[in-house]
2 protein chains.
Amino acid sequence: MTENPSPRLFPIVNADVALFTLDDALRLRVLLIQRANRPDPGGWALPGGLLKPDRDDSLEAAARRVLADKTRVELPYLEQVATFSGPHRDPRGWSVSTLFYALLPADQVPAVAGSKTESIAWVDPEAPGRALGFDHGLMLPRALATLRAKVRDGALPLHLLPSHFTLTELQKASEAILGRPLDKAAFRRQLKSSGDLAAVPDLFVRGAQRPAQVYERAAGYRFGDGHVRNDT
Amino acid sequence: MTENPSPRLFPIVNADVALFTLDDALRLRVLLIQRANRPDPGGWALPGGLLKPDRDDSLEAAARRVLADKTRVELPYLEQVATFSGPHRDPRGWSVSTLFYALLPADQVPAVAGSKTESIAWVDPEAPGRALGFDHGLMLPRALATLRAKVRDGALPLHLLPSHFTLTELQKASEAILGRPLDKAAFRRQLKSSGDLAAVPDLFVRGAQRPAQVYERAAGYRFGDGHVRNDT
DNA sequence: GCAATAGTGTCTATTAGACAATATGGG
DNA sequence: CCCATATTGTCTAATAGACACTATTGC
């Protein structure tokens, strides 16, 4: 059915990433790039790139490599959303693209910069304000929905914050992701009982008010997929 | 771009399916096949096959085609689980495999048959009793977990049943999937309020007891991913 | 009536949300 | 003291689970 002038025996395989972060006003933002190369030069899209079997050990590794081209910061939290496929979603031919979402701590946003040939933009994921190439207009809502589901399930948006934070900051981050206000008392109850947080003894943020306890991720913080991470 | 890519430069792309159903004793079962072809002939695995860009319009279509090779019945409910990838999971080289799970109504199980060269087996997904080839031993628990999460979220195992059924049958099917008993009253409360079911007027199953109301899927039954299906 | 399963009512423990009250700093 | 924000307490509505009760058939 697909009469492609340069037919491929194998589909194109690539990895795309919806990289989320918080801006100065603690609003949820997602990274778009303005493509420099074919196809669709000048068009806006989620960052992504072809899988390189000789360099990547997995699609997730490919996604991390693509992100590394944009930033030098430590690898963010990254999770698979879904895989998109079809003969027409990429003008080069039959393609398969696995979408990931990733979370970048807000204080590392400045490390993400455009290049001489590629501009970047941090946009509202619910209103990107640009037409996105390929089927990225479908991808972005899926990534956002997956992220929100994880936040509701208690997997935490800790990864959008620096390593140390207050409960109010964490609540603001959660509200930014979910797009709605949360109740302070209920939010704190749930976190306290989750065991995912640890208070840092004798560390407080001071201001013109009662000092706020500083927290960090607990040693055995459990990820959304159930696995435990013990490092940073 | 390379004109004639070898399989080493482009990853192998295929689709695998965990096809679930209920056996006579209403136990959850998953389909395994004994492979006839390379690689791993004679080994047990989930049904799957290479994507054929000239014949498939999507990975999901490829999964349905693979299933159609095993059975002639109507296409079952099918949903993506995740995509597995890496240089070593398939002996032929770097490969990408998108896993789906599917639900086959119990009354259509007889339509699934082995071929002269391929045996089939319906096994307990929690204890397949055989070593599975590739990384299918990792895939199966993921598929089961995804299925169970959907059942808990209220998306229903209706697709394991014939088009008409009683609430007790539906409860037994749910219990088989989740692997634990459910409370009758709570189960019925939740279904009644979900709006996913419609009682069939004046249709009852009779036996040596009070007749059971027959139900069918409601017109606007909502799938797990939120989309509405109005056909069968 | 009796057995067997369908279907309902009710109590309780848990939880999310609303909202009020208290705590503790800076000025 | 006053302000601002942190932190905690409490009330309530909604819900899931346990469990018992009633309903309706075949025999």
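Just so you know, these numbers use all the heavy atoms, side chains as well, and skip hydrogens, waters and symmetry mates.
Rounding to whole angstrom units, CZ of residue A:F165 and P of D:dA6 are separated by 14 Å. With rounding to whole Å, B:Q171 atom CD is found 13 Å from C:dT8 atom P. Between the CG atom of B:L170 and the P atom of C:dA6 there is a distance of 13 Å, given to the nearest Å. To the nearest angstrom, C1' of C:dA18 lies 16 Å from CZ of A:R188. Distance CZ (B:R152) to C1' (D:dG17): 16 Å, rounded to an integer number of Å. Atom P of nucleotide C:dT5 and atom CD of B:E169 are separated by 13 Å, given to the nearest angstrom. What separates CZ of A:F187 from C1' of D:dG9 is a distance of 19 Å, to the nearest Å. When rounded to the nearest whole Å, the span between OH of A:Y215 and P of D:dA6 equals 12 Å.
A:R189 contributes a side-chain N or O that forms a donor-acceptor pair with the base of C:dG17 under 3.5 Å.
Without hydrogens or angle criteria, A:T21 side chain to A:L104 main chain gives a donor-acceptor distance under 3.5 Å. Between the side chain of B:R217 and the main chain of B:H159, no donor-acceptor pair closer than 3.5 Å is present. No donor-acceptor pair under 3.5 Å is formed between the side chain of B:T83 and the backbone N or O of B:S97.
A:T168 comes within contact range of the sugar-phosphate backbone alone, with a heavy-atom separation under 4.0 Å but no base atom that close.
The heavy-atom pair separating B:F204 from B:P211 by the smallest distance is CB-CB, 3.8 Å.
With a 4.5 Å cut-off on side-chain heavy atoms, A:V200 and A:Y215 do not count as touching.
Closest to the side chain of A:D183, out of C:dA16, C:dC19, D:dC19, is C:dC19. The A:Q213 side chain lies nearest to D:dT7 when the options are C:dG17, D:dT7, C:dC19. Taking only side-chain atoms of A:A212, from C-beta outward, the nucleotide of C:dG17, D:dT7, D:dT8 with the closest atom is D:dT7. Side-chain proximity of A:Q190 to the nucleotides D:dT8, C:dT8, C:dA16 is greatest for C:dA16.
Phosphate contact (OP1/OP2 of C:dT8, side-chain N/O of B:K184, threshold under 4.0 Å): absent.
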When you compare the protein's N or O atoms with those of nucleotides 25-27 of chain D, which come within less than 3.5 Å of each other, and at what distance?
from	atom 1	to	atom 2	distance (Å)
D:dT25	O2	B:Q209	N	3.2
D:dG26	O4'	B:G207	O	3.4

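The side chain to side chain contact (heavy atoms under 4.5 Å, CB included) test with A:L99 singles out one residue from A:N14, A:D135, A:L46, and that residue is A:L46.
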Check: residues 172-183 of chain B side-chain donor-acceptor pairs under 3.5 Å, at least two apart:
from	atom 1	to	atom 2	distance (Å)
B:S174	OG	B:L170	O	3.1
B:E175	OE2	B:Q171	NE2	3.2
B:E175	OE2	B:L182	N	2.9
B:D183	OD2	B:A185	N	3.1
B:D183	OD2	B:A186	N	2.9

